[in-house]
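Here's the structure we're looking at; comments come further down.
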Amino acid sequence: MSTRILMTRLLSLRTLSVVGCSALSLLSAPRLGAQVVFSSAGANAAAVQASVDLFRAALGPLNPNVAGSFGAGRREINWDGVPDLLAAPNSLPANFFNVNSPRGVVFSTPGSGFQVSASAASGTPINFGNINASYSTMFAPFSAQRLFTPIGSNITDVSFFVPGSTTAATTSAFGVIFSDVDLAATTSLQFFDPLNNSLGIFNALNFTGDQTFSFLGVQFTNGARVGRVRITTGNQILTAGSSPGDAVVMDDFIYAEPTVGVVPEPGTAALMAFGLLSLGAIVKRRSRTLSI
């Protein structure tokens, strides 16, 4: 065997090994949680409307409230379709928006449950005035006329499912409109991947005063998937007594359609394809060299 042919074989095998490792790395490398944050705050609903609209546009068209996943687009919850029998002073079932009105989310909390504020026609004080009379003028809805809160806690966990089913799903984006965020770094969204690893904590902007609004939405743009979101609303639970801390409630939830399975983002898919094509070309070239 000539020295030239031997060197060609050795170089081909070495290149094959390097490219093969690169291709495997692309297949198994963890995806980082790059994100786009949409955030605003102000004295009225108009102050946050632009960022809400930008977030909606980034997620795509609004899907109907039916079972099954559309694969793309977005879902929203504005609480206004909740019947009076399941609104204040009564509790809202944690799975209402996966069973009664399928939108692919189920709630949990360390507290005692959840409540949606009363409608004006119900005779119960609005904006959680049934809990504390001062709340009627402290909070305000972004989309009239109901609001949402956990009871006995300031923590709400949101888990995602294929709407109308018990099949766990993930999303790529989630946002909340808050009412009355007075203090900085008290209201936040924490995102978790399907293995319960944190993808980061993001704080809502504050704006001093009553009946103010803050919007915080986060979109993961490189393939990271969200299996759960923890919402922290202020540092004070809703209570009949005085509220020395920052009591905060929620209005609209806006999130990307819950889906099952992960599709590589275009950049990763292109790199994988390039690596595999390169691997194929080297194998073919090596075969020709060995036949000399």
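Note that the structure is a prediction, hence the values are computed from the model and not measured.
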Would you check, one step at a time, whether the test side-chain hydrogen bond (donor to acceptor under 3.5 Å, both in side chains) holds for Gln115 with Asn130? CA-CA 11 Å; Gln115 195 171 108; Asn130 57 295; 3.0 Å; yes
[X] side chain to [Y] side chain, donor-acceptor N/O pair below 3.5 angstrom:
| X | Y | answer |
| --- | --- | --- |
| Asp84 | Ser119 | yes |
| Thr137 | Gln211 | no |
| Arg225 | Thr259 | yes |

Whether the side chain of [X] engages the backbone of [Y] through a donor-acceptor N/O pair (distance < 3.5 Å, no angle test) should be reported.
| X | Y | answer |
| --- | --- | --- |
| Asp246 | Asp182 | yes |
| Gln145 | Ala120 | yes |
| Ser40 | Ser51 | no |
| Ser69 | Gly71 | yes |
| Asn132 | Gly241 | yes |
| Ser179 | Ala140 | yes |
| Asn95 | Asn98 | no |

Does one hydrophobic cluster hold both [X] and [Y], with members joined at side-chain heavy-atom distances below 4.5 Å?
| X | Y | answer |
| --- | --- | --- |
| Val82 | Leu147 | no |
| Ile151 | Leu92 | no |
| Phe192 | Val226 | no |
| Val106 | Met250 | no |
| Phe161 | Phe174 | no |

As an exercise, state the distance from [atom1] of [X] to [atom2] of [Y], rounded to the nearest 0.5 Å.
| X | Y | atom1 | atom2 | result |
| --- | --- | --- | --- | --- |
| Ser214 | Asp180 | OG | CG | 8.5 Å |
| Leu183 | Gln236 | CG | CD | 11.0 Å |
| Asn154 | Thr187 | CG | OG1 | 8.5 Å |
| Ile155 | Thr232 | CD1 | OG1 | 3.5 Å |
| Phe148 | Ser117 | CZ | OG | 11.0 Å |
| Thr212 | Met138 | OG1 | CE | 10.5 Å |

With side chains defined as the heavy atoms from C-beta onward, is the minimum distance between [X] and [Y] less than 4.5 Å?
| X | Y | answer |
| --- | --- | --- |
| Pro163 | Arg75 | yes |
| Val36 | Val218 | no |
| Thr239 | Ile131 | no |
| Asp157 | Thr109 | no |
| Val158 | Phe253 | yes |
| Thr124 | Pro89 | yes |

Any salt bridge between [X] and [Y], counting N to O under 4.0 Å?
| X | Y | value |
| --- | --- | --- |
| Arg146 | Asp80 | no |
| Arg74 | Glu257 | no |
| Arg103 | Glu76 | no |

Applying side-chain contact (heavy atoms from CB on, under 4.5 Å), run through Thr156 and Arg230 and close with a yes or a no. CA-CA 6 Å; Thr156 300; Arg230 169 159 287 191; over 6 Å; no
Test ring-ring contact (aromatic ring centres under 6.0 Å, His included) on Trp79 and Phe114 and set out the steps. CA-CA 12 Å; Trp79 318 106; Phe114 300 96; 9.0 Å; no
Test side-chain hydrogen bond (donor to acceptor under 3.5 Å, both in side chains) on Gln35 and Thr221; report intermediate values, then the result. CA-CA 5 Å; Gln35 65 282 136; Thr221 57; over 6 Å; no
Please report the shortest heavy-atom distance between [X] and [Y], naming the atom on each side.
| X | Y | answer |
| --- | --- | --- |
| Gly164 | Pro102 | N-CB, 3.8 Å |
| Ile231 | Val176 | CD1-CG2, 4.0 Å |
| Asn206 | Ala41 | O-CB, 4.1 Å |
| Ala224 | Phe220 | O-CB, 3.8 Å |
| Gly104 | Pro258 | O-CG, 4.0 Å |
| Thr170 | Pro194 | CG2-CG, 3.5 Å |

Please determine which of Asn127, Asp252, Ile126 meets the side-chain contact (heavy atoms from CB on, under 4.5 Å) test together with Pro141.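 Between Pro141 and the candidates, side-chain contact (heavy atoms from CB on, under 4.5 Å) is satisfied uniquely by Asn127.
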So if I apply the ring-ring contact (aromatic ring centres under 6.0 Å, His included) rule between Phe215 and each of Phe38, Phe55, Phe142, which one comes out positive?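 So, applying the ring-ring contact (aromatic ring centres under 6.0 Å, His included) to Phe215 and each of Phe38, Phe55, Phe142, only Phe55 qualifies.
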Test log, rule side-chain contact (heavy atoms from CB on, under 4.5 Å), inputs Ile201 and Leu189: CA-CA 6 Å; Ile201 300 175; Leu189 301 178; over 6 Å; no
Please find out if less than 6.0 Å separates the ring center of [X] from that of [Y].
| X | Y | value |
| --- | --- | --- |
| Phe107 | Phe96 | no |
| Phe213 | Phe178 | no |
| Tyr135 | Phe128 | no |
| Phe202 | Phe191 | yes |

Would you sort out whether Leu205 and Leu216 count as a side-chain contact (heavy atoms from CB on, under 4.5 Å), showing the intermediate values? CA-CA 8 Å; Leu205 295 175; Leu216 176 61; over 6 Å; no
Phe139 and Val248: side-chain contact (heavy atoms from CB on, under 4.5 Å), yes or no, with the steps? CA-CA 8 Å; Phe139 304 131; Val248 176; 5.7 Å; no
